Each structure stands twice: as structure tokens, then as C-alpha cells.
Amino acid sequence: MEFLNDLNERQLEAVKHTEGPLLVLAGAGSGKTRVITVRIAYLIAKEIAQPHEILAVTFTNKAAGEMRERVNAILKGRKLISAPLISTFHSLCVRILRRDIEALEEGYTRSFTIYDTDDSMKVIKACIKDLGLDPKQLAPRQVLSAISASKNRGEDHEMFASRSDGYNEKRASIARVFKMYEERLARANALDFDDLLIKTVKLLRKVRDVRDKYNGRYRYILVDEYQDTNPLQFALVKYLTEKQQNICVVGDDAQSIYGFRMADIRNILDFEQHFPNAKTVLLEQNYRSTQTILDVADAVIKNNLGRKEKKLWTENRGGDRVFYYQAFDGDSEARFVAEKIYDQRRMNPRDKVAVLYRTNAQSRVFEEALRKMRIDYNIVGGFSFYERAEVKDVIAYLKLALNPDDDVALSRVINTPPRGLGKTSLDEIARITSKRGTSTWETILAITDDNYEGKIGLTPRALNSLKGFREIIETLRGKVKRYEDSDRPVSNVVAAAIENTGYADSLRRENSDEADNRLQNLEELVNAAVDYDSQDDNGLRDFIDHAALTSDTDKFDRSADVTLMTVHAAKGLEFSTVFIVGLEDGIFPHARSINDAQELEEERRLAYVAITRAEKTLFVTHSTRRRVYGEEMAAEPSQFLNEMPLEMIEDLTRGNSWLSFARSDAVKENIYAAKALRGETEKPKARSTYSGKTYDSKEAVAEFFKNRGSGSAETPSEKKGPSGIEKLKEFASKDRKPAPEPPKGKFLPGVHVKHSKYGRGLVLRREGSGDNVKLTVSFPGYGQKKLIEKYANLEPA
DNA sequence: AAGTAAATTTTTTTT
DNA sequence: AAATTTACTT
């Protein structure tokens with residue numbers, strides 16, 4: 001068993017402890033995936049378990065795929081009769097439900113449809129409308145996330161309603177939507193992402209036979225990224241391991257970054273209580289990064305309270321300092337990154353580079369800069385292939401063929417391509433449907449029947465179109481059956497859904513570049529289907545499930561030289577060189593997390609994840625101005641930059657930067673200010689709730705913007721002159737299209753003001769004119785406030 | 001009914 | 001700035 005040789009003692013301990021519950025607390029880069037994969041291989045090679053008796057669960061398809069690959073690599077050469085099941089939580093649930101959901105006796109059948117977030121949103125919107133509620137007051141987005149959060153806590157709509165009776169009108173409205181949403185999903189034989197888990201847990205809880213079956217089937221269960229499990233996933237694991245207790249979980253509490261999806265860090269912290277007699281193995285040796293990078297990461301994460309103490313160490317030598325750059329604006333930040341990548345690629349062509357940002361919206365400028373420099377890059381996230389409208393349309397036809405009660409799919413394609421069934425006709429069909437209380441498809445069947453008795457407010461032409469649509473779907477359904485046992489069950493039907501529904505013809509008639517492009521995408525979909533036919537002998541059903549459960553983060557290509565992605569998407573990956581960009585207050589940490597201590601800690605863990613992705617070289621950048629919603633706003637450095645040890649940072653900014661100011665003698669002499677810069681003056685209690693800029697808490701430090709008379713990041717040093725802000729403006733007018741001349745003597749973005757209640761703050765944004773001027777001002781300790789200039793009584797500060 | 005222009009909103013993070 | 005929704009033509 002030579003594959004055990006390159007494990008350290010701790011890792012070996014984790015691999016060999018096969019019986020009973022095992023918790024592996026694995027720090028970043030400590031060989032977590034290696035432990036899981038080797039453990040699987042060990043179980044098989046030692047014949048402790050048959051391959052098919054092993055279940056490994058991950059969160060992403062990407063992780064599952066990689067794990068599968070690595071297990072295969074270790075075991076290559078051995079003839080195996082079966083394979084371990086390595087799956088995501090959601091695919092595992094689909095697999096179980098496709099077999100056994102009918103045992104739940106809730107009316108769901110095995111041909112249920114999966115609704116993705118988009119589909120769910122459509123149902124929510126329809127519910128809000130049909131209940132006569134105002135979508136302005138009850139944002140569908142909010143409703144959806146409230147419902148999802150509730151579901152993930154393990155509640156149903158009745159529990160939600162019972163927690164909300166009485167005074168809270170909004171909650172009561174949400175409860176009504178919740179109820180209707182559930183009814184509609186049930187009627188459509190559809191499950192949303194949360195339901196996949198909920199129904200599986202329910203099934204295992206209620207039906208003894210089913211629970212026994214899966215308990216018997218999977219004798220060894222492994223869970224990756226256990227710190228990201230939510231209560232439902234925990235329940236699932238608990239039920240699946242009930243009998244044998246051979247559960248091995250691997251995770252790192254410092255990398256818990258899915259709180260917004262109800263992930264509960266206590267699952268990992270309390271593992272020993274949940275599973276008595278659990279053994280715990282701590283992996284602290286890091287094989288990925290330099291000591292410098294680990295020290296920086298550690299300095300940042302130390303600011304979180306309540307975590308399992310864990311100190312990573314490495315045998316790797318010190319390494320470079322962390323490179324820092326302050327840019328003038330988003331474009332120059334991107335240009336800097338592109339240039340550095342260019343240099344890096346020339347010096348070390350084999351090294352992989354990643355650009356990590358907080359939100360997907362930040363990717364654009366970096367894409368443009370890289371394209372200008374002719375650097376090939378790969379981008380993870382954003383638009384996925386399966387999210388394209390034309391692909392979703394065709395998939396909707398296929399879903400409809402498998403489950404015609406799927407109302408969302410039906411409404412998507414009933415008039416796509418246009419068949420003369422406009423709003424009026426669709427409203428009438430909806431009216432009859434809600435009167436009958438059936439699915440839309442059944443209404444269509446009824447009213448297109450020549451013997452239909454009821455009143456139909458449809459024009460003969462519309463009714464005729466409807467008959468045509470019915471025809472199309474029924475033909476497609478026939479094809480699914482006909483090709484089921486052929487050797488191309490998927491691609492034949494996919495092709496039919498494109499050609500025989502009038503979809504392709506309609507695109508061809510358009511005769512535009514755009515339409516051509518869409519046709520090409522559909523060709524790609526057919527290709528994917530052909531692939532699918534040749535690889536697995538799974539049917540159309542699996543193909544559709546795959547499309548629903550595969551996400552954009554799954555398309556990471558390890559061979560790409562340069563990858564752009566969010567920090568979330570980067571979890572579990574590693575790169576020689578990492579750029580963490582947009583380290584600004586309000587971006588990273590995100591503005592929505594800044595006023596909540598818990599969420600701020602999650603942002604900090606996110607920063608920790610980002611830093612620890614780097615093997616050799618780490619760049620951190622921020623910009624002093626940033627476009628948000630199309631408007632330029634002043635931006636302050638992220639508090640996470642403050643938390644990094646200044647002596648480990650090398651400033652690459654040309655001219656003065658926030659960092660050079662932070663280190664300047666003037667500040668160093670003022671010990672208090674220096675400490676403030678490092679965030680060390682906060683009272684312990686205020687610490688975790690503190691939301692302002694730490695260096696701003698001392699007046700001397702706040703002078704920063706004023707004092708750096710030598711100009712912006714881009715301007716080489718000059719003699720002291722006008723204020724920094726004026727310099728910035730001057731620079732702006734030279735470098736780019738002349739900005740509209742702002743009114744003089746007013747509170748412009750970038751100036752500090754004084755407010756009677758909130759004290760000193762920085763103007764971020766100014767909108768409107770005359771008496772209607774609205775200002776967005778950031779007050780340390782109070783967060784961002786929107787003020788009407790006329791009434792706010794601000795003074796220059 | 002369908003296409004276009006105007007207005008409005010949007011950004012966390014993801015299975 | 002871009003995308004989505006609504007209002008308004010034809």
C-alpha cells in the first residue's frame with residue numbers, strides 16, 4: 001500500500017481510524033482532500049469495504065469530480081467491480097428521491113421536476129401577484145430568501161406562519177406566499193433546491209424501510225467541508241450513519257463561509273457531542289504556502305472571537321513579503337494586476353495565477369485589462385452555459401416532456417417561439433387554471449378537448465395555437481418514450497426539442513448574428529447530449545438533473561494559467577500567485593455584512609480563505625475610487641488590510657499610499673495613532689461590533705486624505721501643493737473624459753464632514769441638485785448614512 | 001400581439 | 001454600467 005507513504009503521522013492516523021466517528025480538523029492546505037481520498041482508497045485496498053459501500057459527500061460537483069479523479073489515480077491498476085459513490089449533497093438526495101420519494105406519500109412521483117432558483121423566483125412572483133400583494137413592498141427576492149432560510153431551519157409553512165401571527169404584517173404576508181408557493185410546487189410535482197434535502201430527510205425519518213436500506217447500503221460515509229453543513233444536511237448525515245456510525249467528517253471552522261446558506265459552524269464545533277466516542281485528529285502542518293502567507297492569514301483571522309485555536313506551520317521557508325498596491329481607480333487597479341500577471345507569466349510560465357474578488361460584478365474590469373494585454377484567462381462564475389436563455393428554453397421543453405405539470409417550464413415555452421399566445425390569452429388560461437385548481441397542462445388538455453363544456457374566453461385563433469402547442473408537447477413526449485431504449489436516448493430527444501418545436505426555425509428566420517450565436521449554443525447542447533449518451537447509460541432524466549444541479553463554479557479548469565473568480569469559488573483551490581483585489585471597505589468586507597458582528601467575522605474568514613489560496617506570492621490591492629452602480633464613489637481601504645502585519649507588506653504603489661502613510665514617521669511617533677492603524681486600540685467589547693475604519697478613529701490618521709499632498713497613487717511624488725483630493729480631481733480631468741464640473745464649495749465625494757450626532761465622516765457619494773442633494777456618508781462606528789444635504793447641517797471637517 | 005423606448009433596479013457569496 | 005421591468009407605439 002505504497003500510497004500511504006507520503007502521508008504524515010497525523011494524516012495516517014486519520015486514514016487508519018476506519019471504525020467509528022472521526023473528526024478531522026484540517027487547516028488550510030494541510031492535505032484535507034488527500035486524507036479523504038487516501039482513506040477511501042485504503043478502505044477499498046484493505047478490503048474493509050466494497051467500493052459501493054462507501055459514500056463521500058461534497059458541496060460542489062467540482063470537489064466531487066476531483067475526489068473521484070484522485071481516488072481513481074491512487075487505485076489505478078486495480079480491477080474494481082464497483083465504484084464508491086462520490087456525490088454532492090444535492091445529487092445524493094436526487095438519487096434517493098428518484099427511487100423512493102413515492103414512499104413519502106405526499107403526492108410526489110418519481111418523475112418530479114427540480115426547480116432552480118430562477119424557477120422558484122418565478123413561482124414566488126406569481127404568488128405575490130395572485131395574492132394581490134404589492135411586489136414593491138414585498139420584494140420577491142426577500143420573500144424567496146426568507147422562505148429558503150425558514151426551510152433550511154427545518155420549518156414548513158405552518159411553522160413559519162405560527163411564528164409570525166399577529167402584528168408583523170410583512171411576515172404574515174410572507175407566510176401566505178410561502179403556503180401558496182408550496183401548494184404550487186406540489187401541484188407541479190416540483191422540488192426546489194431546499195426541498196431536495198427536506199424531502200430526503202423526511203423520507204429517512206418517516207419511512208423505516210427506506211432508512212434501513214440506505215443505512216445498510218453505505219457502510220462508510222465521508223463528508224468534506226463539514227463546517228459548511230446546515231441543519232438539514234446534518235440531519236441527513238445523522239440518519240444515514242445511524243446504524244454503523246462510521247462517519248468521517250473533514251473541515252476547518254476558520255473556513256466556514258456559507259452562513260448565508262444557513263450553514264452552522266456548531267455542526268463541526270460540537271461534533272464530539274453529536275457523535276459520542278468520536279476521535280479527533282488535528283492537521284496543522286501546511287504544505288501549500290510560505291510562512292509569510294500563513295503569518296498574514298493568521299494575523300487576520302486572530303481578530304475573530306470564538307474559534308478553535310489552531311496554528312498552522314510549514315517547513316517552507318519564509319518567502320516574499322506580501323505585495324501591496326493602491327490604485328487610483330478600478331481601471332488602474334485592473335491594469336496593475338494585468339501588468340503584474342504579464343511579468344509573472346514571463347518569469348514563471350508554469351505557475352498558475354488567480355485573481356480573487358468578493359463579488360462577480362467586479363470581474364469585468366479585470367477581463368478587459370487582461371484582454372488588452374492579450375493574456376488568456378479563464379473565468380469561473382457569472383454566466384453559466386445552462387443559464388443562457390436558449391438553453392433554458394430547450395431544457396424547459398425537455399422538462400415538460402418528462403413532467404407536463406411543470407408550470408414554470410410550461411409558461412417559459414408556451415409562447416416561445418411566438419405562437420400568437422400573448423398576455424391576454426395566457427391570463428385567460430391562468431384564470432381557468434386557478435378556478436380548476438389543477439396544473440396548467442391539465443387545463444390545456446381540458447379546454448382543447450372538443451367536448452369541453454365551460455366558458456373559454458379565447459379567440460378561435462388562440463385556441464387553435466394552443467392545440468398546436470399541445471400537439472408539440474405530446475409529440476415530444478412520444479419521442480422520449482420511443483427513444484428510451486435506443487442507444488441515443490438523450491441526444492435524439494434534445495435534437496427533437498430544438499427542431500420539432502419550431503424553436504430552431506424561429507431563430508433561423510431571424511437571420512441575425514445574435515440568433516446564429518444562439519443556434520451555435522444549441523448545437524453545443526446537442527453535443528453535450530451526444531457525450532452524455534456515449535458515456536453513461538443514464539437517460540434524459542439524468543441529463544436534465546445534471547443541468548439543474550451543475551453550477552458555474554464547477555467549470556474551473558485546473559490547467560488554465562490565469563483564473564478569475566470569487567473568493568467563495570476559490571475555496572479548496574491553490575495557486576502559485578494570488579491577487580486579492582478590491583480590498584475596500586464596503587466591498588470586502590461587503591457593505592451588507594459590515595454592521596453585524598457575526599457576518600463581519602464570516603467576511604474575515606472569507607479573507608482568510610483568500611489569503612491561504614496562495615502558495616508563493618500574494619498581491620493585495622485596493623483603489624481610492626470605485627464605481628458602484630455606475631457612479632464613482634470614494635473608497636477606503638479594507639479593515640482587513642489594517643489587520644495584516646505592516647512589516648510583512650511591500651508597497652508597490654508609485655507615490656504615497658495609505659500604507660506608506662500608515663508607516664510614516666509622523667504616525668509612528670504617535671504611538672496611539674499607530675496602534676489605531678493596526679486596530680489595537682479598540683476596547684475588547686467594541687471589537688467585534690466595531691464597523692468603522694480603524695485608522696479613522698484617530699484624528700491624525702484621518703488627515704490622511706488631506707495630507708498626502710504628493711498626489712494620488714499614480715502620480716509620481718511632487719512637492720507639497722494642493723490637497724490630495726484636488727490632485728485627484730486634477731488627475732481625473734487629465735486622464736479621462738472630462739467629468740462634469742461639480743458645484744464648488746460643496747460636500748463632494750472624498751471630503752470629510754462633521755455631523756452633530758455621528759461626528760466625523762467621509763462623503764462617499766452625492767446625488768441630485770439644489771435642495772434635493774442627497775449625500776451618502778460613511779461614519780466610523782455608525783456605518784453608511786444617507787442624508788439630505790439641506791437638513792443634515794453638515795460642516796466641513 | 002409584438003416590438004421598442006423609457007424607467008427602474010441591481011451586487012453579496014451558491015447547491 | 002448593465003440588466004430587467006414597465007410603458008408606449010405600431
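Not measured: the values here are computed from a predicted model. Chain A is the first sequence line, chain B the second, and so forth, proteins listed ahead of strands; every chain is numbered from 1.
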How far, in whole Å, is C/dT6 from B/dT11 if one measures between their P atoms? 15 Å
To the nearest Å, how far apart are [X] [atom1] and [N] [atom2]?
{"X": "A/D116", "N": "B/dT15", "atom1": "CG", "atom2": "C1'", "result": "11 Å"}
{"X": "A/E387", "N": "C/dA3", "atom1": "CD", "atom2": "P", "result": "13 Å"}
{"X": "A/Y115", "N": "B/dT15", "atom1": "OH", "atom2": "C1'", "result": "18 Å"}
{"X": "A/D194", "N": "B/dT14", "atom1": "CG", "atom2": "P", "result": "16 Å"}
{"X": "A/D118", "N": "B/dT14", "atom1": "CG", "atom2": "P", "result": "15 Å"}
{"X": "A/E225", "N": "B/dT14", "atom1": "CD", "atom2": "P", "result": "14 Å"}
{"X": "A/L458", "N": "B/dA1", "atom1": "CG", "atom2": "C1'", "result": "14 Å"}
{"X": "A/Q362", "N": "C/dA2", "atom1": "CD", "atom2": "C1'", "result": "16 Å"}

Report yes if the side chains of A/R627 and A/V365 come closer than 4.5 Å at any heavy-atom pair, otherwise no. no
Side chains of A/K399 and A/I395: closer than 4.5 Å at any heavy-atom pair?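 Of all side-chain heavy-atom pairs linking A/I395 with A/K399, at least one is under 4.5 Å.
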Does anything in residues 414-431 of chain A form a salt bridge (charged side-chain N to carboxylate O under 4.0 Å, His left out)? List the pairs, not counting sequence neighbours.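 Every pair satisfying salt bridge (charged side-chain N to carboxylate O under 4.0 Å, His left out) with a residue in residues 414-431 of chain A: A/K423-A/D427, A/E428-A/R431.
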At less than 4.0 Å, is any side-chain N or O atom of A/K125 found next to OP1 or OP2 of C/dT5? Yes or no. yes
Within the structure, does a side-chain N or O atom of A/N152 lie under 4.0 Å from either OP1 or OP2 of B/dT15? no
Residues in side-chain hydrogen bond (donor to acceptor under 3.5 Å, both in side chains) contact with A/D116, at least two apart in sequence or another chain: A/K392
A/R98 meets the side-chain hydrogen bond (donor to acceptor under 3.5 Å, both in side chains) criterion, sequence neighbours left out, with A/D545
How would you list, by chain and number, every residue that makes a side-chain contact (heavy atoms from CB on, under 4.5 Å) with A/T359, sequence neighbours excluded?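 In terms of side-chain contact (heavy atoms from CB on, under 4.5 Å), with neighbours along the sequence ignored, A/T359 is linked to A/A361, A/Q362, A/H590.
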Partners meeting side-chain contact (heavy atoms from CB on, under 4.5 Å) with A/D130 (sequence neighbours left out):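 Counting only residues at least two positions away or on another chain, A/D130 forms a side-chain contact (heavy atoms from CB on, under 4.5 Å) with A/M180, A/R184.
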Does anything in residues 419-429 of chain A come within less than 4.0 Å of DNA chain B? Heavy atoms only, and list the residues if so.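 When residues 419-429 of chain A is checked for heavy atoms under 4.0 Å from DNA chain B, the hits, listed by number, are A/G420, A/G422, A/K423, A/T424, A/S425.
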If you pin A/R461 and A/T88 to their nearest nucleotides in DNA chain B, which one's is more 5'? A/R461
Taking any heavy-atom pair under 4.0 Å as a contact, classify A/K571: base, sugar-phosphate, or nothing. nothing
Give A/F193 one of three labels, base, sugar-phosphate or nothing, depending on what nucleic acid heavy atoms sit under 4.0 Å from its own.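 Result for A/F193 = base.
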Treat primed atoms plus P, OP1 and OP2 as sugar-phosphate and everything else as base, then score nucleotides 6-13 of chain B 5' to 3': B for base contact with protein heavy atoms under 4.0 Å, S for sugar-phosphate contact only, - for none. ---SBBBB
Holding to ring pair (Phe, Tyr, Trp, His ring centres under 6.0 Å), I want the full list of residues that pass it with A/Y218, two or more places apart in sequence or in another chain. none
Report the residues that fulfil salt bridge (Lys or Arg N to Asp or Glu O under 4.0 Å) with A/D542, sequence neighbours left out, ordered by chain and then residue number. none
